[in-house]
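The first residue in the sequence is number 1, and the count goes up from there. First listed ligand is number 1; within each ligand, the first listed atom is number 1. None of the values given here were measured: they were computed from a predicted structure. No hydrogens, no waters, no symmetry mates; every other heavy atom, side chains included, goes into these values.
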Amino acid sequence: MIRSAIVILAALALAGTSVGQVAPERGVEAVEGRRLYAEDVVVRAVPADARQLLALTSLARSVWSHGTGIGVEIDVQMDRSRLPALQEAGVRFEVIVPDLAAAIAAEREQVEQAHTLRDAGFFTTYRTCEELDAFIDQLQAQYPQLVSTFFVGFSVEGRPIRGLRITGPGDAAARPGILLDGMQHAREWISPMTVAYIADQLLGRYETDTRVRALIDNLDYYIVPVVNPDGYAYTWTSDRLWRKNRRNNGDGSFGVDLNRNWPVQWGTSGTSTNPGDETFCGTGPLSEPETAQLAQFMTGLSGKLVAHIDFHSYSQLVLWPYSYGTVSPPEPDKTAVTTGANLMRAAIGKSAGVGYQAMRSADLYASSGDIIDWSYRERHNKAFTIELRDTGNSGFILPASEILPVGRENFDAVVAMSELFAAQVRFTLPEPLPVVMTPDASTSVRVTLAADYSSIAPGSAKIYTRVKGSAGIFTPADLTLQTGTTYAGPIPAVGCGSSVEYYFEAANAGGVVARYPLGAPSQVFTLDALSSSVVVSDPCEVAGGWTVGAPGDTATAGKWQCATPLATSAQPGADHSAAGVNCWITDARAGSSAGTYDVDNGATSLISPVYDLASVPSDFVARDGLITYWVWFSNSYLNRPDDVFPIWLSNDAGQSWSVCDLLSTTTGAWVQRSVRVQGLVGRTQNMRLKFVAQDFSPTSTVECGVDDVTVALLGCQRSAADIDGDGDVDLDDFFAFFGCFDTGGACADTNHDGSVDLEDFFLFFNAFDHAG
Ligand code: 0X9
Ligand code: ZN
């Protein structure tokens with residue numbers, strides 16, 4: 001574990017240096033009324049003691065991370081002339097934004113440029129409050145069946161706070177509601193864009209995406225992109241880095257931190273009673289019209305809301321209550337919010353392989369008066385804060401090119417979270433559902449049931465199945481309780497090439513029935529019965545054919561090697577398989593501690609040989625490809641955001657890649673994972689896998705392993721009567737056989753003995769008879 005080279009190691013703290021003796025504030029010059037921050041940088045540090053913390057906060061022009069503590073990472077904006085003083089105070093720091101003014105100017109140029117283009121998409125650049133309001137109206141006009149707009153109230157300066165409600169046709173009165181809001185903090189420009197993007201996608205996909213349709217038909221979304229319109233306007237006209245609202249505090253200072261103004265433990269932790277401070281909590285709980293009216297709006301929905309996300313930036317985090325102090329909600333809520341947060345984190349990671357971290361809000365830092373504390377405790381919502389990209393390279397000045405990727409990954413999070421909380425009975429999976437089943441053999445699938453504020457009605461837990469394409473009704477079978485709250489349900493045997501459609505159902509003690517997937521029975525899970533024909537079975541005993549390293553790899557230690565791993569608390573002591581001793585592992589050595597030979601300072605890639613999934617044996621009809629592998633993943637230190645383990649799939653020998661799997665939490669064992677190829681990328685003769693181990697933090701320990709990779713075709717044995725090889729036996733085959741038989745053609749040589757005779761005739765008839 002090597003400390004990043006840009007960290008400046010200051011000399012021993014000089015006794016008696018006063019952090020108060022610094023140059024008078026500079027950089028407040030403005031052009032056209034806008035603050036320039038001409039000399040500012042952003043530094044990141046972990047204060048070792050109270051004195052260093054004081055140095056950091058007192059030298060700062062603005063503290064960018066709003067929880068401060070000894071040993072807690074902090075980003076602060078300061079005039080570069082103050083860096084020597086920081087160094088003198090003994091603070092070890094790194095400069096993460098070397099020229100803030102340039103970053104702001106570049107962003108401004110992009111925004112102005114994009115605004116001159118008539119047909120630029122809405123999400124190609126940041127949009128003003130007026131543009132976001134117009135966007136709400138445009139969505140309403142475009143989807144009048146699904147959207148109605150609402151008005152939350154007026155800001156301090158009299159700007160309207162507006163929202164849109166999305167729900168499907170029919171009576172929405174009984175539908176649970178989900179609230180999404182953004183922009184409590186003015187400088188976090190990515191938040192309203194993300195919230196608007198989610199609204200846009202929910203609507204745009206209603207007609208075509210069955211998951212989204214099921215959500216909108218069963219839920220009632222309330223979406224407020226801009227909670228703090230005054231602060232937001234001010235960041236456009238005057239100060240890009242303004243955080244609070246624009247309350248005139250009467251002492252020459254402006255602004256209340258809206259996310260310190262909510263009534264749970266108001267004014268007690270991580271907040272300031274000094275009006276000039278960035279985290280000023282206001283003169284009382286809900287003293288601000290923005291918070292007071294949003295609270296009133298939420299209360300007015302009287303129990304309809306079940307879940308809530310408050311969007312912020314930056315740090316890539318999914319946070320669950322509480323914020324004010326290190327207490328958790330009582331069960332079952334704690335399990336519900338941690339499940340929700342981890343589910344969102346996983347969904348985000350799957351989108352583009354970017355890691356977010358899930359944790360209790362106060363474990364990041366404690367702050368009171370936070371909206372999610374109130375939303376959870378007073379409105380009983382499963383409430384979350386999402387801190388969007390990035391982790392500090394751009395901070396609040398996130399390039400506009402990130403709007404879409406951030407939108408996409410968070411849209412996926414909202415879909416996952418909505419599905420989890422929409423139903424009264426919650427269904428979760430103890431392991432991924434199977435991706436394929438053996439033909440002619442029954443199997444079972446497992447699901448975990450929980451009922452908030454209630455219990456599962458006895459006898460109500462069922463699995464419904466039917467053969468796909470039969471258009472018949474679903475047949476129920478009991479789910480049987482296995483361990484804890486995990487149930488198993490039977491899937492009947494079907495022949496090769498057939499599929500079973502299924503869904504789960506259960507009622508809570510109140511008799512409210514819920515189904516999983518949410519849109520069942522029009523939306524169902526499908527399990528295909530297919531045989532596999534193994535193409536490659538690689539025990540990973542030798543490195544041959546594999547490639548270690550890819551352009552862009554930055555790891556300086558812990559690179560992949562094919563070897564026998566030596567056990568540490570983070571690394572397995574053996575490969576996975578009984579046969580052989582080697583596997584792929586990120587530096588097999590153990591060293592003096594678990595972190596000695598782990599991955600450090602970036603990513604290391606392992607690329608598989610090329611697999612051929614296009615060539616099919618003549619006695620097999622292929623329908624898909626299946627790649628199965630065993631992996632080990634260890635990620636200490638609270639799973640730092642970037643340190644996920646993505647697995648990528650290519651069908652063009654590595655020219656382009658799609659994420660096909662992602663591990664984000666320590667496995668603690670070798671685990672098997674399976675990926676179906678079709679639907680992700682097409683099946684070609686140029687398939688490759690890429691395993692990317694990454695550790696961006698010098699203080700965390702990451703180890704990854706790969707073993708026993710199996711690549712197979714999925715399909716069915718070709719019937720002797722399938723003359724045309726199209727996978728089914730029908731009249732076409734019947735006529736084709738006779739055509740061949742008449743002329744003695746090889747295609748009628750059913751037994752492949754070189755001659756066409758009566759034996760072939762009987763073999764064909766037997767196979768034809770038994771087919772289908
Ligand atoms: O401090 C805040 O309000 C949020 N962070 S931000 O940088 N966007 O200002 C964090 C909200 C979650 N609350 C706590 N972690 N206490
Ligand atoms: Zn914020």
Q. Of all the atoms in ligand 1, which lie at a distance below 4.0 Å from a heavy atom belonging to Ser313?
A. 7 (O), 8 (N)
(Q) Taking 4.0 angstrom as the limit and counting only heavy atoms of Leu319, give me the atoms of ligand 1 inside it, by number and element. (A) 12 (C)
Q. So is Tyr314 polar-close to ligand 1, meaning N/O to N/O under 3.5 Å?
A. no
Q. At a 4.0 Å threshold, what atoms of ligand 1 neighbour a non-hydrogen atom of Ser361?
A. 12 (C), 13 (N), 14 (C), 15 (N), 16 (N)
Q) Which part of Tyr324 is near ligand 1, with near meaning a heavy atom under 4.0 Å away: side chain, backbone, both or neither? A) neither
**Q.** Heteroatom of His312 nearest to the Zn ion (ligand 2) (N, O or S, atom name)
**A.** ND1
Q) With a cut-off of under 6.0 Å to the ring centre and 45° to the axis, is Arg240 in cation-pi contact with Trp236? A) no
Q. Between Phe122 and Phe135, how do the two ring planes meet: parallel, tilted or perpendicular, split at 30° and 60°?
A. parallel
Q. Under 4.0 Å from any heavy atom of Glu387, which atoms of ligand 1 are there?
A. 4 (C), 5 (N), 6 (S), 7 (O), 8 (N), 10 (C)
Q: Would you mind finding which of Arg360, Glu188, Glu278, Arg260 brings a heavy atom closest to atom 8 (N) of ligand 1?
A: Glu188
(Q) How about CD on Glu112, more than 12 heavy atoms from neighbouring residues, nucleotides or ligands closer than 6.0 Å, or not? (A) yes
Q. What's the verdict on salt bridge (charged side-chain N to carboxylate O under 4.0 Å, His left out) for Arg159 and Glu290, showing C-alpha distance, side-chain angles and the deciding distance?
A. CA-CA 10 Å; Arg159 288 186 178 79; Glu290 293 88 352; over 6 Å; no
Q. Heavy atom of Gly270 under 4.0 Å from ligand 1?
A. no
Q: Any atoms of ligand 1 less than 4.0 Å from a non-hydrogen atom of Arg243? List them with their elements.
A: 1 (O), 2 (C), 3 (O), 6 (S), 9 (O)
(Q) Under 3.5 Å between any N/O of Ser65 and any N/O of ligand 1: does that happen in this structure? (A) no
Q: Would you please say whether a donor-acceptor pair under 3.5 Å links the side chains of Gln110 and Thr125?
A: yes
Q: Could you tell me if the ring centre of Phe151 sits under 6.0 Å from that of Phe297?
A: no
Q. Regarding His308 and Asp310, is there a side-chain donor-to-acceptor distance under 3.5 Å anywhere?
A. no
Q | Per-atom contacts of ligand 1 with His312, taking only distances under 4.0 Å to non-hydrogen atoms | A | 8 (N)
Q) Short list, please: which atoms of ligand 1 are under 4.0 Å from a heavy atom of Ser367? A) 13 (N), 14 (C), 16 (N)
Q. So which of Phe396, Tyr126, Trp242, Phe311 actually passes ring-ring contact (aromatic ring centres under 6.0 Å, His included) with Trp189?
A. Tyr126
Q | Rounded to 10 degrees, the angle OE2 of Glu188 makes with ND1 of His185 at the Zn ion (ligand 2) | A | 90°
Q. Can you tell which of Asn393, Asp75, Thr391 makes a side-chain hydrogen bond (donor to acceptor under 3.5 Å, both in side chains) with Tyr314?
A. Asp75
Q.
When you measure from the centre of the six-membered ring of Tyr234, is the NZ or CZ of Arg246 closer than 6.0 Å and no more than 45° off the axis?
A. yes
Q | Per-atom contacts of ligand 1 with Asn259, taking only distances under 4.0 Å to non-hydrogen atoms | A | 2 (C), 3 (O), 11 (C)
